[in-house]
Structures are given as structure tokens and as C-alpha cells.
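Shown next, in C-alpha cells, is the structure this report addresses.
Chain letters run A, B, ... following the sequence lines, proteins first, then strands; residues in each count from 1. This is a predicted model, so every value here is computed, not measured. What you see below is based on every heavy atom in this structure, not just the backbone, and it leaves out hydrogens, waters and symmetry mates.
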There are 2 protein chains.
Amino acid sequence: MDKNFKITIEYDGTDFHGWQRQKEDRSIQGKIEKVLEIITTKKISLTGSGRTDAGVHALGQSANFKCDTELTPETFMKGLNRLLPHDIVILSCERVKDDFHARFNTKSKVYNYRILNQPLPSAILRKYVWHISKELHVGAMRTAIEHIKGKHDFSAFEGSGSPRSHSIRNMIKAQIADNKEGLLVVELEADGFLRFMVRNIVSTLVNVGLGKISPDDFNKILLSKDRKHAGATAPPQGLFLIKVIYE
Amino acid sequence: MDKNFKITIEYDGTDFHGWQRQKEDRSIQGKIEKVLEIITTKKISLTGSGRTDAGVHALGQSANFKCDTELTPETFMKGLNRLLPHDIVILSCERVKDDFHARFNTKSKVYNYRILNQPLPSAILRKYVWHISKELHVGAMRTAIEHIKGKHDFSAFEGSGSPRSHSIRNMIKAQIADNKEGLLVVELEADGFLRFMVRNIVSTLVNVGLGKISPDDFNKILLSKDRKHAGATAPPQGLFLIKVIYE
């Protein structure tokens, strides 16, 4: 009888064409499924909490897979970490109830977006931040970000052509941290995210920080529900899926 | 008449075969010299404060070059950052006295070595730390590191075949910071470093932390002046040249 396993995953998205399995290109889902097949000698389908796009990182992506096996979660974890490339690390593996589904049982997700705000770029951080050389007005960005808290139709920040039943999401947490010199972290938690939603919110916030639009304009963009008013999608390398929270 | 320019440089050593210019392989010195030639249309020789090995990073390497030019330091800096690959960033460029020499005028250098001490490796940090999964006894390492402070013959920690007049160096600062969870940073400042010296000190400190040798054994290794007693050279990716201090 099939057992159900949940794994949490850290990955460096730099050299991947995103989460989703693809015929030719390197994907996180594809790499893990391939190793699961080596370990179990069975074709196994891995269900992620959702996709991440090319270049996006994760400190705590979640996924589940079903398999008729005598192998323990500890054995799966050791085997996966031994056989996976070093840009994927399995942080945990556990047995879960048969009806657990990594996508449908999601309660909320936490994303961070990292901006390096200083005159010069960083050689070391270049694959993990969006570098903005002009000084950002963080106070104005904080005023703007207040507007997205709570339930809203986030159509204005949605990527085109994304499949979903509706665009209303509940933004549980939205704040900007600036602990480290030059580094701004936009921290968002919501019950779900539309495609490109974080990156479109961030680029529009950056327009506020640059003084191109006001915090009030930011709110008008949200209320317009019209994608063409928001900023261009922010680059992928600043985005981290921090964790997936389940019921 | 030739003018003398000093530059400070940040680089991600991951994709370089070290600082030093090489015929075939990608080097930091080689890349910068090539761009200086594009900017000035002259062959320019860049003098670094010293070499860093393949995979070693720098947050503040220093170098100087001489050139008969009307270009300002600001123009050099902009041109270099525009034309260099993104894993090299020029942090500053300034005119210096004719007799300034980036290697011979060094007063001291600061290196950090980063160890990730937790059961699992990190996908995101893998190119910037040495991962040690077994728990290190940091107290013992701190007792050991006290022994290298001050003037010593560091032959025991020297790489073989390195050219130098003598092996006595003055260790001005030697400490271990552990601010961030799981991350240990060995911070060293000396008036000079022998080849592989930091990485050999760190590997021997790790042997102390693992309980393989005692802090007193560490001191005996230092006093033995015999390379074969120290640990194997620690991997390059944990090492950062932080800054070069001049008279």
C-alpha cells in the first residue's frame, strides 16, 4: 500500500529553469523525481506546494510523494541528499496522512524579496539580491505596503496567462525589514500568491521608493485590478520562498 | 608621465582560477588588465596586494597600476564596472603617490574564514562556507587560537613550495565569531600570510573543535614548525580576503 511522504527543500534557483519538471531543462522537481526513481526503482510523481520560476530560490519549499515502500523517511532523506546535486538540499522528510496534499492543504506561504540598495552592486550577493543603486525612500515604501494587507483582488499584480479561479488573496503579513546595511527585505505572507505577484508588488514598491509614484498611487494600482498599471516584474534572483504553512 | 592608481576590488572567486593572470584560465588579474587595456588602449600591468587561490573570495582586495593617462579615477571606476564581468566589482579607485606599491606597502591583511556548522549543508551558502556537519566545540577552538597571536614562525601552517624569505609573521588579531546560527567566522589579521596559511590554521582548528586534537596539541603543531603535523588544507570557498591595510 502506498505511503505518503512530505519533504521540505532548500534550493539555489540560479541554475534551474524553475520548479516544474521539463523535458530538456534542469528543474528541481525533475531532479528530485529522478533521484526518487533511483532510490525506489519506481516512477514517482512529486507534488510541490506550487511552482517557483527560473532563478527563484527556496529556503523551505514543501512537496509530497506517494510510494509503496519499506524505506523509512530517514533513508529517503539520506539517499536524496547523497544523490541530489549540491544546489538542492532536503531539509526534512516525514510520513504524513494519506490525504495530505502539498498544494491543496496549504494554509499560507511566506516569501522574502531581497533588495540591495547601495551605489555599487555586490559580486558575492549578485545571484541573491536585486541591486538598486539609487537610494530608496523606505518610509514611503512602508506606507505603500500597508495597503496590501488583508483581503484584496490582486489582479493588478498578476502575471498574464496564469490559471486560477479568482484573484482574491488574503495578505496576512507585509513588511519591509532593513536590518543589514544596504539590504532591504520585503516579507510577505498570504494564503496564496498569484503568478509573479511578489515580483510585481516589489517592482511597484520600488517605484514608490524611487519617488516615481506615491504610496497613494500604489493603492490606486491595487484597486485598479489592472496589470498594466503596476511596475515591470522584478528580477527572479531576489525572491526566496521561505516556508509553506499547512493546516 | 605615468600616474599611479589604487583600486579596491570585491570578487566572487567561484568561477576563477585565482587572482593571478594565466594564459588560458579565467583570473581576476587577467580580467581587470584586459578591461584596462580596452579603456586606455595600453598594456597595463596590475599589481595585487598578493594572490588569492582558486575559489577564494575577496570583499576588499587591493591593487595598483601605473598609466600615462588623462582619465580620472572616477572614469576608470565607471569604465571598469561597466566592462568587467559581474563577479568582479571595483569598490574604489583613487590616485596615489608614485611610490605606492600594493604588495610592498602592505601593513596588514584581514582574512575571514566561514564555517557552516550544522547537520545539513546549505544549497544557498554552499559556495561561501565550509560545511562541517559534526558539532564543533567552539570553546576549545577559541582556546587554541590564542596560541597564534603575536609573532611566530608559521612554517607548520605553510603550503609547500611557496617562495618567501622567512616564515615569521605577526598575528595581530585572531578570533572566532559566532553571531549567526550555525555560522562560525574565523577572523585573522596579520602583517602577512604564507601560502595556504589561513586554510591550514582553520583545518587544524577544526580538528580541535572535533576533539581530534587538544588546544595544547594545536600549540605543539605551531611550535613544531613542521607542515606534516597540521590538518589538511581547508577548502577554498570559505575564505574571504576582507581588507588590506596600508602604512
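- Residues of residues 21-33 of chain A lying under 4.5 angstrom from chain B, judged on non-hydrogen atoms, do not exist here.
- The environment of B:Lys3 atom NZ is dense: over 12 non-hydrogen atoms of other residues, nucleotides or ligands sit within 6.0 angstrom.
- Taken from NZ in B:Lys127 to NZ in A:Lys127, the straight-line distance is 4.0 Å, to the nearest 0.5 Å.
- Looking at residues two or more places apart in sequence or on another chain, you find a salt bridge (charged side-chain N to carboxylate O under 4.0 Å, His left out) between A:Glu37 and A:Lys43.
- Along residues 101-125 of chain A, the residues that come nearer than 4.5 angstrom to chain B, judged on non-hydrogen atoms, are A:Leu120, A:Pro121, A:Ser122, A:Ala123, A:Ile124 in order of number.
- Atom NZ of A:Lys243 has 12 or fewer heavy atoms from other residues, nucleotides or ligands within 6.0 Å.
- Environment of CD in A:Gln175: crowded, with over 12 heavy atoms of neighbouring residues, nucleotides or ligands closer than 6.0 Å.
- Taking a 6.0 Å sphere around NZ of A:Lys42, one finds it holds more than 12 heavy atoms contributed by other residues, nucleotides or ligands.
- Of residues 5-13 of chain A, those residues lying under 4.5 Å from chain B by any heavy-atom pair are A:Glu10, A:Tyr11, A:Asp12.
- For B:Glu181, the CD atom counts as loosely surrounded, since its 6.0 Å shell holds 12 or fewer non-hydrogen atoms of other residues, nucleotides or ligands.
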